[in-house]
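Worksheet: one structure, shown below.
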Amino acid sequence: MKSVEKKWKITVVAIVILYLIVLGQLVFIIKLHGHVAALEGSDHVFHEKLHSNKNTKELGTVDTDDYSQIIHELLKNLSDCQEKSFRNSDELRNLYTMLNNTVLQCQKTEEDIENIHKSVGDLTITLDDSKMKMEYIKSTISEKVDSIEAEIGQQYSYFQNASTEVTKVKQKYIILEEEMKKEVKTLNQITNDLKLRDWEHSATLKNLTLIQGPPGPKGEKGDTGIMGIPGIPGVRGLTGEKGEKGLKGSQGMTTRGLPGSKGERGQKGDKGEQGEKGETASSTQATTSKTTDAVVRLVGGRTPNEGRVEVFHLGQWGTVCDDHWDQKDGQVVCRMLGYSGASIVMLNQRFGSGTGRIWMDDVQCLGFERSITECKFLGWGITNCSHREDVGLQCTV
């Protein structure tokens with residue numbers, strides 16, 4: 001913009017100088033024409049006087065020569081002035097042409113300046129719009145950053161609260177552990193005191209000599225204790241951060257083929273032959289408990305001592321799920337049926353799928369129960385199994 005304004009100022013100054021030069025030339029030409037007109041008038045007067053005094057004898061030859069020389073000089077000056085006038089006219093034409101070219105250039109420059117001003121105006125509008133958009137984006141980003149910072153602060157407060165709760169639970173656990181140690185120590189002391197008192201009492205009654213004998217043989221391993229109570233569930237962990245959104249998959253083909261023509265209906269088939277007569281049910285007959293209450297049976301086996309285990313409850317038979325089913329559970333069922341024990345425990349519908357209810361699930365017998373109903377299980381009809389998990393059994397004959 002500064003260079004354009006500078007060129008515009010230089011052009012205006014040049015136009016003013018050209019106008020001044022042309023004006024000076026015009027004034028000079030006007031004056032020159034005045035002088036030429038005056039010389040022509042004096043020459044005309046001189047010729048008249050010369051013609052009127054042509055016959056006068058008083059005029060000498062010397063004066064005639066002087067006048068002739070003066071006239072010759074005047075004519076020479078007149079021709080010089082004409083040549084200068086022609087030269088000045090050519091220069092004036094050239095100057096006029098240059099002036100016209102300069103005026104055209106000035107007009108073109110003015111149009112360029114107007115276009116530049118228009119472009120600058122459009123650019124200013126675009127910059128204003130961009131500035132408004134940038135301010136909007138900046139405000140939006142600031143709001144999102146503030147919301148994210150608030151969410152991070154909330155998550156951090158949740159984490160601090162969870163850490164505080166974990167610390168409190170840990171302190172309570174330490175206190176309980178110390179109390180349990182003290183209780184165990186106290187119980188050990190009481191047990192030792194009781195053992196000592198019983199030994200002293202029996203020794204006094206039997207009048208035995210208090211002589212320490214050799215150590216006895218190592219005793220047999222005791223029975224497995226009853227399963228303890230499940231522990232308290234742990235504190236739930238913090239929720240993990242949300243993963244980034246995956247890229248959108250490309251769209252599949254949407255062009256669907258034309259439906260095929262409907263086929264002709266087939267001919268009716270020949271009637272099949274009659275099947276053979278089935279076997280009697282003596283070999284697959286279910287084995288029922290030999291006890292008076294008859295609550296279990298084996299179904300689907302090749303022999304009476306094997307098959308799918310079914311339990312009778314509320315007037316209908318139902319199956320048993322194989323979750324936690326083991327040899328001890330099979331021994332209890334086989335003893336209920338009058339056998340000595342279980343030889344093979346079979347899972348996953350080995351003897352086919354049952355129908356109706358699944359009465360028992362998660363059965364956990366200790367092996368000495370008289371009936372499967374005395375074993376631990378979820379409850380009658382409470383299960384998450386299907387008939388694909390019906391348990392089977394083969395008892396020892």
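Treat the numbers as computed from the prediction; the structure is a model and nothing was measured.
Distance alone, capped at 3.5 Å, is enough to place a donor-acceptor pair between the Asp329 side chain and the Cys365 backbone. No side-chain donor-acceptor contact under 3.5 Å links Trp359 to the backbone of Ile382.
A salt bridge links Glu306 with Arg302: the distance from a Lys NZ or Arg NE/NH1/NH2 to an Asp or Glu carboxylate oxygen falls below 4.0 Å.
The cluster map of Ile, Leu, Val, Met, Phe, Trp and Tyr, joined by side-chain heavy atoms under 4.5 Å apart, puts Leu378 and Ile372 in different clusters. Transitive grouping of hydrophobic side chains (ILVMFWY, heavy atoms separated by less than 4.5 Å) keeps Trp325 and Ile358 in distinct clusters. Cluster membership for Val311 and Val345, using ILVMFWY side-chain heavy atoms within less than 4.5 angstrom, is shared. Note on Leu337 and Met346: separate hydrophobic clusters, where clusters join Ile, Leu, Val, Met, Phe, Trp and Tyr whose side-chain heavy atoms are under 4.5 Å apart, directly or indirectly. Note on Phe351 and Val296: separate hydrophobic clusters, where clusters join Ile, Leu, Val, Met, Phe, Trp and Tyr whose side-chain heavy atoms are under 4.5 Å apart, directly or indirectly.
Tested against Thr124 for a side-chain contact (heavy atoms from CB on, under 4.5 Å), the candidates Asp122, Leu127, Val120 yield a single pass: Val120.
Grouped by direct or indirect side-chain proximity (heavy atoms under 4.5 Å, Ile/Leu/Val/Met/Phe/Trp/Tyr only), Ile152 sits with Ile148.
The shortest non-hydrogen separation linking Leu393 to Cys334 is CD2-SG, 3.5 Å.
A search for salt bridge (Lys or Arg N to Asp or Glu O under 4.0 Å) contacts involving Glu374 returns Arg370, not counting sequence neighbours. Taking the side chain to side chain donor-acceptor pair (under 3.5 Å) definition, one finds that Gln160 meets it with Tyr156, sequence neighbours left out. For the ring-ring contact (aromatic ring centres under 6.0 Å, His included) test, residues two or more places apart in sequence or in another chain that qualify with Phe377 are Trp380. Partners of Glu183 according to the side chain to side chain donor-acceptor pair (under 3.5 Å) rule, which considers only residues two or more places apart in sequence or in another chain, do not exist here. With sequence neighbours left out, Glu310 forms a side chain to side chain donor-acceptor pair (under 3.5 Å) with Arg297, Arg308.
Contact annotation: the side chain of His387 approaches that of Asp390 to within less than 4.5 Å [non-hydrogen atoms, C-beta and beyond]. Side-chain contact between Cys321 and Val391: absent, with no pair of heavy atoms (C-beta onward) separated by less than 4.5 Å.
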